Amino acid sequence: MSDSAPATTSTPVSTRVAGFVKQPLIVALILIAALLLLGEALSPGFASGQQIMRLLIVAALLGIVAAGQNLVILGGREGIDLSVGGVVSLSAIIAGNLMAGENSGIPLAILGCIATGALFGLFNGIGVTLLRIPPLVMTLGMLGVLQGLLVVIRQGIPSGRASPGLANFVSQPFLFGIPGILWLWIAIGLVMAFLLGRTVFGHRIYAIGSNEQAAFMAGVPVKAVRIALFVLSGIFAAIAGICLLGYSGSSFANVGEQYMLPSIIAVVFGGTPLSGGKGGYTGTMAGALLLVILQSILVTINIDESGRQMVFGITLLVLMLFYGRGRSMRA
Amino acid sequence: MIKLKLNGVSKAYGATKALSQANLDIEAGEVHVLMGSNGSGKSTLSKIVAGSVKPDSGEILLDGQPITITGPQSARSHGIAIFYQELSLAAHRTVAENISLANLPSRAGILVDQETLEERAQHYVTLFDGVTGDGFSLDAVIQDLRADQRQLVEIMKTLSTEASVIIFDEATSALDRAQVDRFFEILRTLKQQGRSIIFISHRMDEIFAIGDRVTIIRDGKIVGTKRIADTNPAEIITMMVGSHDEAGAKPAGHSAPTGAVASALSVQNLTGRGFKDISFTVRKGEILGFGGLHGQGQSAVLRALFGAIPPTSGKIDLDGKPLDPANPRQTIRHGVAYVSGDRAREGVITGRPILENVMPIHYLRDRMKLAHPVVSAGKALPALQALRTKFAGLGFPISSLSGGNQQKVVIARWLIDRPAVLLLDDPTKGIDLSAKTDLFALIRKLAEEGMGIVLYASEDAELLDNADRILVFNGGSIRRELTGAERTRYNLYQAAYEAA
């Protein structure tokens, strides 16, 4: 700040250190390092360069879903999007069919998927704002609709295949030895930082998340902003779905289901409380990486899928103890 | 026989003396009326007796014995009950359950005894037979009832305590004539049973209809007690006003705009929730005051003009052009500004930096898309300085500021792009004296620059000191206009306490 800010310099160093350590982002980074060391100890080679790159790719997939989740949660009023997993699955199937293994089909696939994601996000947003359905119920209902739709689609349509270009984009080095999906994730990180920090829309998200009534009285179009958040969440989930297709080569019905709970945990880990109004995406990126490493360690020590789900559920609940109680959910 | 006696009871909130050395006798079998203007201390007094506020000093005697009231439960055990002005009913439960909410009859200590419960509730409902209105029954759910019916349930609930001292604080505000008459009949029965009623109301006609004695409170002090039969409304108002009138109503130290000055805002027959047929004009350069008791429609009119709760009918002209107050966004764009006294709920964007709290109006009016911190700071700083806001840096959270400075930040929002009309809805609620002074200095300056300002202040002194003209609200409509030398506390109270 260029204005007079004597208090910034006069804060005692000890307080600033304490405040620094309390930053969720810092906590997440420390945990990431610790988990990598633990993984290396349990299974030598866990923290090798190649392995870390693979972890980053998986984290990027989760991180992209979590970007949308992050926006919806920031907007407050118990904002949450439980339908992201369904949109990821649907998007992967649509992309697989539209490109059918050909690079030339990529633009159409991207367009089709983003439109689909935006549409379901729009439904969610309208349900939550205009029909006043609680986000939890609305998006859970939407998830049900999507799951049913996926079953129907699977009966009539082949699963579709990723084109070589898309597969390479996700898993092969693209620029400076780094795969395209990581560049995409970095780009999304920058866009999110800009959106939240430097745009009026970003400030409005925080405003409705921290005090909706005050925001309304200050002329913020509360409903329009909230609808936009759900639309963006749908779009991010759709993008993740395309990338996921590239990662796995072909799609299967519930490929995206695994993203619902982790996307929420990543957001909370990153310092955005479920009550919304504060936090940001940088922390969420660290949170996504952290979760992926944790998951990988669980795999390494032979914990099966159900065990991993339990660990994730418990992680979220423990996180709520630390970060979730800053403000009561019900304003 | 004296039932309840207060001896030198005092209560201070910080530096504010809400009640000082209050002495009061309540006799058995009387309806004792408490009168006083907004913030005079009558609520504090009734809360002390009901146990929800602890006095700093003084003693309370019941039947001649000193008692200590440690809380509402303790008051109840002494046979003292209070009717709560803020409805305290369980919205999803039935009438019967609500009436006996405080002491549900039970079987074996855990099971609710439905039969006894309904029997007991029926007794109190019967008292109001014929005036309860459509849809009222023992098993009606509270949220399905009208406001007057809910208030009746609240009264029944209070009666069901069978207390010997009952405080009714604004218990008739939502009732119609027939309901009030029945309620008064019941009160007379209670009197005959030797019970004591402390009755707080702002309707002069009610006070003279039901009261035996009246005690007037002013600025936290008891001014005097009169027998209702020996007094009249004018005397009561004079006692409420006290010596204020010589000091108050000073002619504003500036030339109020007169005659042919263009109107900033003109309102015709505005009707909505809580007010009806409101018509007035605010001239450019004028501070128009809204006066009267709390909740007589002043706030509701201001909120309707701002579009927060759109009015149902009426015509509004802003700067000569029709204004449709569909929502705040709409009115802000057309140059309407509104500052709420409820800072925490409607003002500050909690937990966000000061800068983000100043900018939203400018973003909207300038149709901005990007929020550059340096550019924004250049806009925000002059606005904050105009109010002499004290803050360490624009990046600090707004919660780091004192209440007065938070309110200054909220007001600064409106100073970047000047609105045509500024609506102030009790803007100084809970802020310190120096912040108030800064605020009113700024408001006068804005008026002199040609803004039209509407000020609702719950503190009468603020209104008399700052408004060029005062419209006195009573029961949702404008009762009287006070201009020039008419702006006295006496006239203000008289219009405010008239039968609505």
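Residue numbering restarts at 1 for every chain, and letters A, B, ... go by the order of the sequence lines. Side-chain atoms are counted along with the backbone in the values below, which use heavy atoms only and exclude waters and symmetry mates. Only a predicted model underlies this, so the values are computations on that prediction, with no experimental measurement involved.
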Side chain to side chain contact (heavy atoms under 4.5 Å, CB included) between B:L364 and A:R204, intermediate numbers included: CA-CA 11 Å; B:L364 177 63; A:R204 286 178 171 163; 4.0 Å; yes

Under 4.5 Å from any heavy atom of chain A - which part of [X]:
X: B:R303; result: side chain
X: B:A344; result: backbone
X: B:Y363; result: both

Heavy-atom pair with the smallest gap, counting every atom of B:I349 and A:A214: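 Looks like CG1-CB, 4.4 Å.
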
Closest non-hydrogen atom pair, B:R329 against A:G219: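 Looking at all heavy atoms of both residues, the closest pair is NH1-O, 2.9 Å.
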
To the nearest 0.5 angstrom, please state how far the [atom1] atom of [X] sits from the [atom2] atom of [Y].
X: B:L370; Y: A:F194; atom1: CG; atom2: CZ; answer: 4.5 Å
X: B:T350; Y: A:K278; atom1: OG1; atom2: NZ; answer: 11.0 Å
X: B:I398; Y: A:S210; atom1: CD1; atom2: OG; answer: 10.0 Å

Chi angles and distances behind the side chain to side chain contact (heavy atoms under 4.5 Å, CB included) call for A:V200, B:K369: CA-CA 5 Å; A:V200 170; B:K369 296 283 174 270; 5.5 Å; no

Under 3.5 Å: donor-acceptor pair, side chain of A:N211, backbone of B:R345: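 Answer holds: yes.
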
Between B:N327, B:T331, B:I332, the one whose heavy-atom pairs under 4.5 Å with chain A are most numerous: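 The option with the most such pairs is B:I332.
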
CA sep, side-chain torsions, deciding dist, call: A:H203, B:R352, side chain to side chain contact (heavy atoms under 4.5 Å, CB included): CA-CA 9 Å; A:H203 287 201; B:R352 301 306 301 170; 6.0 Å; no

Over 12 non-hydrogen atoms of neighbours within 6.0 angstrom of CZ in B:R333: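 Counting other residues, nucleotides and ligands, CZ of B:R333 exceeds 12 neighbours.
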
More than 12 heavy atoms of other groups within 6.0 Å of B:K436 NZ: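 Result for NZ/B:K436: enclosed.
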
Contact check, side chains of B:P373 and A:R198, non-hydrogen atoms, under 4.5 Å: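 Yes - at least one pair of side-chain heavy atoms lies under 4.5 Å apart.
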
B:F306 vs A:M217 side-chain heavy atoms within contact, under 4.5 Å: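 Yes, their side chains come closer than 4.5 Å.
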
Residue selection (most heavy-atom pairs with chain B, distance under 4.5 Å) from A:A207, A:P221, A:G197: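 Of A:A207, A:P221, A:G197, A:P221 has the most heavy-atom pairs under 4.5 Å with chain B.
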
